[in-house]
2 protein chains.
Amino acid sequence: MTTPGEHEALVRALLAVSRSMVAVAARNLAAMEADVTLPQYRALVLLATAGPQRSAGLAKELDVAPSTLTRMCDRLERKHLVRRFHRDNDRRSTWLALTPAGRDLVGVVMRERERELSAIVHEAKVDASQECLDLLDRIVAASGELPDAVWWERWEISADPVDGVMLP
Amino acid sequence: MTTPGEHEALVRALLAVSRSMVAVAARNLAAMEADVTLPQYRALVLLATAGPQRSAGLAKELDVAPSTLTRMCDRLERKHLVRRFHRDNDRRSTWLALTPAGRDLVGVVMRERERELSAIVHEAKVDASQECLDLLDRIVAASGELPDAVWWERWEISADPVDGVMLP
DNA sequence: CAGGAAGATTGCAGTAATACAACTTTCTTG
DNA sequence: CAAGAAAGTTGTATTACTGCAATCTTCCTG
């Protein structure tokens, strides 16, 4: 079990890690010059991991007003990164899904980030014991995020999954 | 030394960690409702860690045009989070520094993030061996970020350091 | 089927980010 | 000292984000 001191030490270490990872992600996304804004990119990532959504659901996850989301999706649709569709003969709810291009964009950004992390790990010359890997995995799980392997599975099927498994 | 397989495994684990930490930071900042935008917050953080800057230097670090930075600082100054001043009888360069309020804002956001990370660590029920802490520290160092203790030192003196040690 | 609820969009309005070009001031150098 | 470089600010314009209120379909329910 974790003693108070160990707990604090780990939290402090993670706070620094958090700053590192945020900086890496920010540089990474800026460098892509991907023609999407940060709010737009957040929407794309949500669609990649949580799958197609109703407009209202996505608005709630992004914590913006419905009208804000409508406008944002207008722009994303204009760029062919997202598409709208309907289901179950329900013409009220509009569903949103990534296009293959939208899926690819998220994948490219993530692959690039992976490349940067690889360089950092190389630079750090660290030895990753199983114990440390487990620790990282548990932190990820506790924060509510998906393990890497699962993340990529979700990503893989996130474009055009209408006949697939991601629709509830 | 790290074998190929271990390297890959660590990179993958870190990629997931990166997604976690970005999510935590995003939630965190959004929840603060701090009356600053993300670009503005990035500027404040840079001033907190790198100390007072010339306008051009900050613009370069943020990768925006000088005029963009001027306008942003107009807004930050209006909110009393940043102040402009001159040095060395040089009336061309304008320097930028945090006000105490600006410094506090950054500190509050970071403390809140620390609180969230503490909850996650608690939830994860992990045991942090010295080996794991060292690994995290080396990752942080390799990414060019400061260790937590140093970060807080910099933060501490970042407001009104004109007679202090942060000015080159 | 009629009334109302649900869901998204549109009208309207304000703020922010962003950059290019022109300009002002100030420093530096020949 | 004069010419020019350096640094920041202002003028101007575009795009995006954001939300509230009104509207328009569409679905549901009595």
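Naming: A, B, ... by sequence-line order, numbering from 1 per chain.
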### Task
Measure the distance from CG on B:D63 to P on C:dA17 and round it to the nearest whole Å.
15 Å
## Note on the structure
To the nearest angstrom, the CG-P distance between A:D35 and C:dA17 comes to 20 Å
### Message
Hydrophobic clusters here meaning ILVMFWY residues chained together by side-chain heavy-atom distances under 4.5 Å, can you tell me if B:W151 and B:L136 are in one?
### Response
yes
### Task
In whole angstrom, give the distance that lies between atom CD of B:Q40 and atom C1' of C:dT18.
13 Å
### Summary
Of the listed C:dT18, D:dC27, D:dA16, the closest approach to the A:R78 side chain comes from D:dA16
### Message
At 4.0 Å (heavy atoms only), tell me whether A:N89 reaches a base, stays on the sugar-phosphate, or touches nothing.
### Response
sugar-phosphate
## Note on the structure
Side-chain atoms of B:R91 come closest, of D:dT18, C:dC27, C:dA17, to C:dC27
### Task
Please confirm whether any donor atom in the side chain of B:R92 sits under 3.5 Å from an acceptor in the base of D:dA6, or the reverse.
yes
### Message
I need the CG-C1' distance between A:L69 and D:dC20, as an integer number of Å.
### Response
16 Å
### Distance in angstrom units between A:H86 NE2 and C:dG7 P, rounded
14 Å
### Query
Side chains of B:T94 and B:R54: do they bring a donor and an acceptor to under 3.5 Å?
no
### Task
Can you figure out which of C:dT18, D:dC17, C:dA8 approaches the side chain of A:M72 most closely?
D:dC17
### Query
Considering heavy-atom distances to DNA chain D, does A:L38 or B:S55 have its closest nucleotide positioned more toward the 5' end?
B:S55
### Side-chain-base donor-acceptor pair under 3.5 Å for A:R87 and C:dG7
no
#### Entry: A:D90 CG to C:dA5 P, straight-line distance once rounded to whole Å
18 Å
#### Entry: Cation-aromatic face contact B:R83/B:F85, 6.0 Å, 45 degrees
yes
### Query
Starting at CG of A:L62 and ending at P of D:dT18, how long is that distance when rounded to a whole Å?
8 Å
### Message
Any side-chain N or O of B:S67 below 4.0 angstrom from OP1/OP2 of D:dT10?
### Response
no
### Task
Would you tell me if any nitrogen or oxygen in the side chain of A:T68 comes within less than 4.0 Å of OP1 or OP2 on D:dC17?
no
### Query
Which part of the nucleic acid does A:R71 contact within heavy-atom distance under 4.0 Å: base, sugar-phosphate only, or nothing?
base
#### Entry: Out of C:dA8, D:dT10, D:dG8, whichever nucleotide has its closest atom nearest the side chain of B:D74
D:dT10
### Task
Answer yes when B:R113 and B:E116 have at least one side-chain N-carboxylate O distance shorter than 4.0 Å, and no when they do not.
no
### Task
Would you check if there is a donor-acceptor pair between the side chains of A:H7 and B:S118 at a distance under 3.5 Å?
yes
### Task
Dump the intermediate steps for side-chain contact (heavy atoms from CB on, under 4.5 Å) on A:M21 and B:R19, then the final yes or no.
CA-CA 8 Å; A:M21 294 297 128; B:R19 284 188 289 258; over 6 Å; no
## Note on the structure
In whole angstroms, the gap separating C1' of D:dC27 from CG of A:D88 amounts to 13 Å
### Message
With a 4.0 Å limit, can you tell me whether A:T70 has a side-chain N or O closer than that to the phosphate oxygens OP1/OP2 of C:dT10?
### Response
no
### Query
Is any side-chain N or O of A:R84 closer than 4.0 Å to OP1 or OP2 of C:dT9?
yes
### Task
Check every atom of D:dG8, C:dT10, D:dA16 against the side chain of A:T37 and return the nucleotide holding the closest atom.
D:dA16
### Query
Does B:R75 put a side-chain nitrogen or oxygen below 4.0 Å from OP1 or OP2 of C:dA17?
yes
